[in-house]
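What follows is a short report on a single structure.
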Protein chains: 2
Amino acid sequence: MQQVRGRPREFDPEQALSAALQVFWERGYEGASLTELTEAMGITKPSLYACFGNKEALFRKALDLYERDKLCYMRSALQEPTARAVAERLLRGTLAIQTGGGDPRACLGVISMVACTTQADSIKHEVVARQASSHSALVERFERAREEGDLPTHIDPKALASYLTAVMQGMGVQAGTGASAEHLQQLVETTLQMWPSK
Amino acid sequence: MQQVRGRPREFDPEQALSAALQVFWERGYEGASLTELTEAMGITKPSLYACFGNKEALFRKALDLYERDKLCYMRSALQEPTARAVAERLLRGTLAIQTGGGDPRACLGVISMVACTTQADSIKHEVVARQASSHSALVERFERAREEGDLPTHIDPKALASYLTAVMQGMGVQAGTGASAEHLQQLVETTLQMWPSK
DNA sequence: TGATTTCCATACCGATCGGTATATAGTGAT
DNA sequence: ATCACTATATACCGATCGGTATGGAAATCA
């Protein structure tokens with residue numbers, strides 16, 4: 001699989017991809033120009049195109065990395081024993097991502113879904129599809145919770161999942177517009193106070 | 001104030017501004033090109049610049065119109081007698097905006113706050129500032145509600161306002177990514193079910 | 001009817017966008 | 001040393017961006 005002939009590349013693709021992810025996360029898909037990307041990645045445009053295809057393919061690979069590194073808590077959160085514990089881990093995980101770096105920033109998915117309006121609706125559809133699959137996993141988890149008597153019967157699991165997702169998306173919006181870490185933390189605590197008890 | 005000499009303009013500025021608002025609302029500030037704007041407004045670029053200044057000034061005027069036409073329910077919602085009624089009117093008003101046109105779409109403010117990443121952070125700051133003022137009005141309303149015994153004492157009015165705002169922003173994100181009107185309606189009902197009772 | 005003022009239409013501006021052609025430099029195999 | 005191959009660097013491509021200069025056309029004044 002490895003190339004043997006020809007000049008070897010002078011950069012580490014994974015490291016370059018990680019740098020690209022940071023730019024996409026900060027600027028969004030359309031806001032990230034190739035100039036910014038190549039400067040952050042430390043490579044030139046032909047190198048980028050030879051290694052990653054084009055801007056859209058690069059973004060998809062960055063999205064894969066993002067899900068693997070940043071959203072792994074979502075999968076593990078579903079394994080918590082109660083619906084409330086699931087929600088708590090999701091909320092705290094979201095908080096950790098948004099306040100992890102320097103300034104709070106929204107989830108990359110939220111940024112991409114809202115910001116891609118002009119040419120890049122294929123990107124938007126991609127992100128929406130990925131989000132939909134994790135959403136349905138959350139719905140199933142809450143359905144199981146209700147069967148286990150873990151949720152009040154007057155609560156619809158599907159609606160509850162959408163509601164929780166909306167809160168996290170709203171956190172993202174506020175994180176992207178100057179909200180402090182303390183502010184976001186308060187938001188998490190308040191949401192947990194609201195959580196339905198049986 | 002009115003011009004008397006010279007050729008009168010052939011279009012209605014208010015009508016043109018309304019058309020511009022629709023484009024901004026659909027595409028966001030950066031996503032709306034002058035070509036799209038002028039075509040929708042039915043005027044040429046020199047006419048636009050003579051009448052509205054430039055793209056940014058046009059957007060601010062469109063934002064004024066948006067607040068006047070679409071967000072007037074926010075002011076009146078604060079006059080409801082109870083905190084819960086305030087929240088209900090805010091949520092239903094948001095729902096009405098997002099599902100009012102053809103396809104559900106996010107609040108223009110949310111779109112602008114999230115999408116403006118590159119050059120237009122002056123736009124972003126403008127929208128954030130406007131949002132901040134209406135947010136503080138909501139905080140004051142909830143503080144009054146707690147004084148009136150209308151909210152449980154363990155609830156912080158500031159956090160509650162941020163929470164409610166987050167839910168509405170999350171509704172906007174979902175509205176902009178293909179959520180149906182029924183879906184958004186469920187979201188509103190669920191949030192109201194969660195609302196703290198004294 | 002001029003004279004003046006303003007609007008509209010066309011064509012254009014420099015800058016930037018995503019993407020690429022070309023030529024050179026560096027590698028392993030022969 | 002030469003060949004086949006690939007990465008890099010530079011310079012460039014057409015398209016589009018927001019914004020304007022220019023040259024009539026139209027309406028109101030005298």
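The sequence lines fix the lettering, A, B, ..., with proteins before strands; numbering per chain opens at 1. None of the values given here were measured: they were computed from a predicted structure.
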Interatomic distance, [X] [atom1] vs [N] [atom2] [rounded to whole Å]:
{"X": "B:F59", "N": "D:dG18", "atom1": "CZ", "atom2": "P", "result": "13 Å"}
{"X": "B:R7", "N": "D:dG23", "atom1": "CZ", "atom2": "P", "result": "17 Å"}
{"X": "A:Y49", "N": "D:dA9", "atom1": "OH", "atom2": "P", "result": "17 Å"}
{"X": "A:R27", "N": "C:dT16", "atom1": "CZ", "atom2": "C1'", "result": "14 Å"}
{"X": "B:L34", "N": "D:dT16", "atom1": "CG", "atom2": "C1'", "result": "11 Å"}
{"X": "B:E30", "N": "C:dC17", "atom1": "CD", "atom2": "P", "result": "11 Å"}
{"X": "A:M41", "N": "C:dG18", "atom1": "CE", "atom2": "P", "result": "13 Å"}
{"X": "B:E39", "N": "C:dA9", "atom1": "CD", "atom2": "P", "result": "13 Å"}

Legend entry - Shortest non-hydrogen contact between B:L192 and B:R92, atoms and distance: CD1-NH2, 3.6 Å
OP1 or OP2 of [N] less than 4.0 angstrom from a side-chain nitrogen or oxygen of [X], does that happen here?
{"X": "A:K55", "N": "C:dG18", "result": "yes"}
{"X": "B:T44", "N": "C:dC8", "result": "no"}
{"X": "A:S33", "N": "C:dC17", "result": "yes"}
{"X": "A:S47", "N": "D:dT8", "result": "yes"}
{"X": "A:T35", "N": "C:dC17", "result": "yes"}

Legend entry - Note: A:E10-A:R7 ion pair, threshold 4.0 Å (strictly below): yes
Legend entry - Pairwise 5' ranking along DNA chain D for B:E10 and B:G53, keeping only the more 5' one: B:G53
Inset, instruction - Find which nucleotide of DNA chain D each of A:G42 and B:E56 is nearest to by heavy atoms, and output the residue with the more 5' nucleotide. - result: A:G42
Inset, instruction - Could you tell me whether a side-chain N or O of A:Y66 sits under 3.5 Å from a main-chain N or O of A:L108, the two making a donor and an acceptor? - result: yes
Inset, instruction - Kindly confirm or rule out a cation-pi arrangement of B:K55 over B:Y29, judged by NZ or CZ under 6.0 Å from the six-membered ring centre and within 45° of its axis? - result: yes
Inset, instruction - Would you kindly compare A:N54 and B:I43 by the position of their nearest DNA chain C nucleotide and give the one closer to the 5′ end? - result: B:I43
Legend entry - A:V139 reachable from A:V86 in the ILVMFWY side-chain graph, under 4.5 Å edges: no
Inset, instruction - Tell me which nucleotide among C:dG19, D:dA9, D:dG19 gets nearest to the side chain of A:K45. - result: C:dG19
